[in-house]
Amino acid sequence: PPSPPRTRESGAKPPSALPTAPAAARPSSGAGGEPETEGPGRDTALLRHLLLKLRATGPVTVAEYMREALTNPGQGYYTRRGGIGESGDFITSPEITQVFGELIGIWFVSEWIAMGKPKAFQLVELGPGRGTLTDDMLRVFNQLASLLSKCDVSIHLVEVSPKLSEIQALQLTGGKVQSNPEDSSAYMKGVSKTGIHISWYRDIQDVPPGYSFYLAHEFFDALPIHKFQRTEKGWHEVLVDIDPEVPDQLRFVLSPSRTPATEIFIQPEETRDHVEVCPEAGVIIQRLASRIEEDGGAALVADYGHDGTKTDTFRGFRDHKLHDVLTAPGTADLTADVDFSYLRKMAQGRTATLGPIKQREFLKNMGIDVRLQVLLQNSHDTVTHKQLLHGYDMLMNPKKMGDCFNFFALLPHQRLVHPDKKHKRESKSPLPPVAGFSELLMK
Ligand code: SAH
C-alpha cells in the first residue's frame with residue numbers, strides 16, 4: 001500500500017550563513033519581454049512577478065514573500081491550488097477522519113452548555129479548507145438537535161481563496177449559494193443540508209458582532225511570518241532577494257541594517273539566535289479576544305507549534321514532500337509553526353487563555369477512545385475498521401500528529417473564575433471544567 005500522506009509538521013533545516021543585501025534598492029534593469037505563459041517546473045507567473053518587483057524595488061521581507069506566494073489574488077497557492085487532502089499537497093486531521101470534527105463539534109456544544117445555553121451562537125471558522133471540519137461539526141449539531149433546538153445557530157466562514165470557497169460551498173450546501181448578496185458584509189451565502197445559514201467573508205472584521213465560537217484549525221500557520229537573525233552587529237531581518245549568480249533564482253539575504261520590524265518585534269530579553277514572528281496572527285488574536293470580551297463566546301485554535309522556543313520552522317510542501325520555499329512560488333504550500341506564547345501575549349489579558357495542550361491529550365480528554373469503540377462496533381467491514389484505526393493512529397501517535405499539534409483556547413474570564421468569587425465564595429456552584437483541557441463531563 002502507498003505510504004501515508006505526510007502532514008506538515010516535519011521540522012525544517014536552519015539556513016546557513018546568509019549574505020547581506022545591498023544597502024540601497026537596485027534600480028530597475030528595465031528588462032522587458034517577460035514570457036506570457038506559465039513555464040514548466042520552476043518558472044511560474046508568480047516568480048516572474050516577484051523578479052520584476054525585486055529588480056525594481058529591492059529585497060522584500062519573508063512576510064511579504066509568503067503573503068504573495070500564498071494569497072496573491074491571481075497566482076497565490078491558496079487562491080489557485082489549495083491542495084488539501086490525499087490527492088493534494090498536504091493532509092490535515094479533518095481530512096483523515098470524521099472523528100476529529102465530531103469531537104471539536106462536541107467541544108463547542110459543551111462550552112455552550114457551560115456558558116448557560118445562550119439563545120444564539122455564530123460558529124466562525126477561519127480558513128475552512130475543503131469545508132470538511134464544518135461538515136462534521138454540523139452533523140454533530142444535527143444529532144444533538146433536541147439539545148440545540150431552541151438555539152439559533154449560524155455558520156460564518158472566513159476564507160480568502162475563491163477556489164476553496166467554491167469547494168466549501170459544494171460540500172456544505174450542494175453548491176446552492178448566492179454571490180454578493182445585498183444588505184450583507186458576506187461575499188457569499190447559502191444554507192447547509194441540515195438547514196443552517198452559512199455566510200462567507202474575506203476578513204474576520206466583516207463577520208457581524210454577536211455571541212460567537214471561533215475555530216482556527218491549521219489557519220495561523222499559513223499567515224506570513226517575519227524572520228530575524230542575531231549577528232555580531234545586532235538583530236537583522238531575513239529578506240528575499242534575487243540570486244546574482246543564478247538567473248531567475250531567489251535567495252535569502254540579511255537586511256544591511258535594522259529594519260522597523262526588528263525594532264518592534266524582538267524582545268530585549270530574547271535568547272534565541274533565530275526568531276520568527278507573525279504579526280498578522282497577533283492582530284487576529286487581538287480581534288478575537290476583544291470580540292469575546294465584548295460579546296461572549298470562545299475561540300479554539302489548533303495547529304502545530306511551540307511556546308516561544310523554536311527558531312527555524314519556515315517550510316514548503318508540495319505533493320506531500322518538503323519543498324524548497326523559494327522555488328516555484330505559488331505552487332507549494334508555505335507554513336511556519338505557530339508561536340503560542342506570542343498568541344497568549346497578544347490576547348493582552350482581555351480573555352483568559354488555556355493551553356497549548358498536546359493534540360493526543362486534548363482528544364483523549366474529549367473521549368476519542370469511546371468514540372472510536374462505538375464506530376468500530378457499528379461497522380462490520382474490515383476496510384472501515386482499518387481506516388478508523390489508521391485515522392486514530394495518525395491523530396494520536398506521538399510520532400505522528402499526537403505531540404506536535406496543540407490546542408489553545410481563549411475564554412471569557414468569568415468562564416474560569418466567578419466574578420464575585422472573592423466576596424461570596426460559597427454562593428455559587430463550581431464552574432464546570434473546560435472540556436479537552438480537562439476531562440469532558442457532559443450531562
Ligand atoms: N482548516 C482547514 C484548512 C487549512 S489550510 C483544514 O484543517 O483542513 C489554510 C486555510 O486558510 C485555507 O482554507 C486557506 O485558503 C485559508 N487562508 C489562508 N490565508 C488566509 C487569510 N489571510 N485569510 C483567510 N483565510 C486564509
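Since the model is a prediction, treat every value here as computed from it, not as a measurement. For ligands, and for the atoms within them, numbers begin at 1 and follow the listed sequence.
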Please list, in number order, the atoms of ligand 1 under 4.0 Å from a heavy atom of [X].
{"X": "E218", "result": "4 (C), 5 (S), 9 (C)"}
{"X": "L223", "result": "22 (N)"}
{"X": "T92", "result": "6 (C), 7 (O), 8 (O)"}
{"X": "G129", "result": "2 (C), 3 (C), 13 (O)"}
{"X": "S161", "result": "15 (O)"}
{"X": "H217", "result": "1 (N), 2 (C), 4 (C), 6 (C), 7 (O)"}

From the candidates [options], the one that places a heavy atom nearest [atom]:
{"atom": "atom 12 (C) of ligand 1", "options": "V158, T79, L164", "value": "L164"}
{"atom": "atom 20 (C) of ligand 1", "options": "D303, I91, V160", "value": "V160"}
{"atom": "atom 2 (C) of ligand 1", "options": "P94, G101, G127", "value": "G127"}

Check: Of the options H226, H236, E237, which is the one that meets T259 in a side chain to side chain donor-acceptor pair (under 3.5 Å)?
Finding: E237
Next item on the list: Mark yes when over 12 heavy atoms from residues, nucleotides or ligands other than Q143 sit less than 6.0 Å from its CD; otherwise mark no.
Entry: yes
Notebook entry, point to check: Can you find an N/O atom of E159 closer than 3.5 Å to an N/O atom of ligand 1?
Noted result: yes
Note to self: Evaluate Q122 against S212 for side-chain hydrogen bond (donor to acceptor under 3.5 Å, both in side chains), listing each step before the verdict.
What the structure shows: CA-CA 5 Å; Q122 311 191 122; S212 304; 2.9 Å; yes
Notebook entry, point to check: Would D403 and R360 pass as an ion pair if we require N to O under 4.0 Å?
Noted result: yes
Checklist line | Evaluation steps, side-chain hydrogen bond (donor to acceptor under 3.5 Å, both in side chains), between E102 and Q98 | finding: CA-CA 6 Å; E102 289 169 355; Q98 65 177 80; 2.5 Å; yes
Check: Should I225 and F314 count as side-chain neighbours, where that means a heavy-atom distance under 4.5 Å?
Finding: yes
Next item on the list: Evaluate the side-chain hydrogen bond (donor to acceptor under 3.5 Å, both in side chains) criterion for residues T92 and E218: first the C-alpha distance (whole Å), next the side-chain angles of each, then the deciding distance (0.1 Å), finally the verdict.
Entry: CA-CA 8 Å; T92 60; E218 289 217 36; 5.3 Å; no
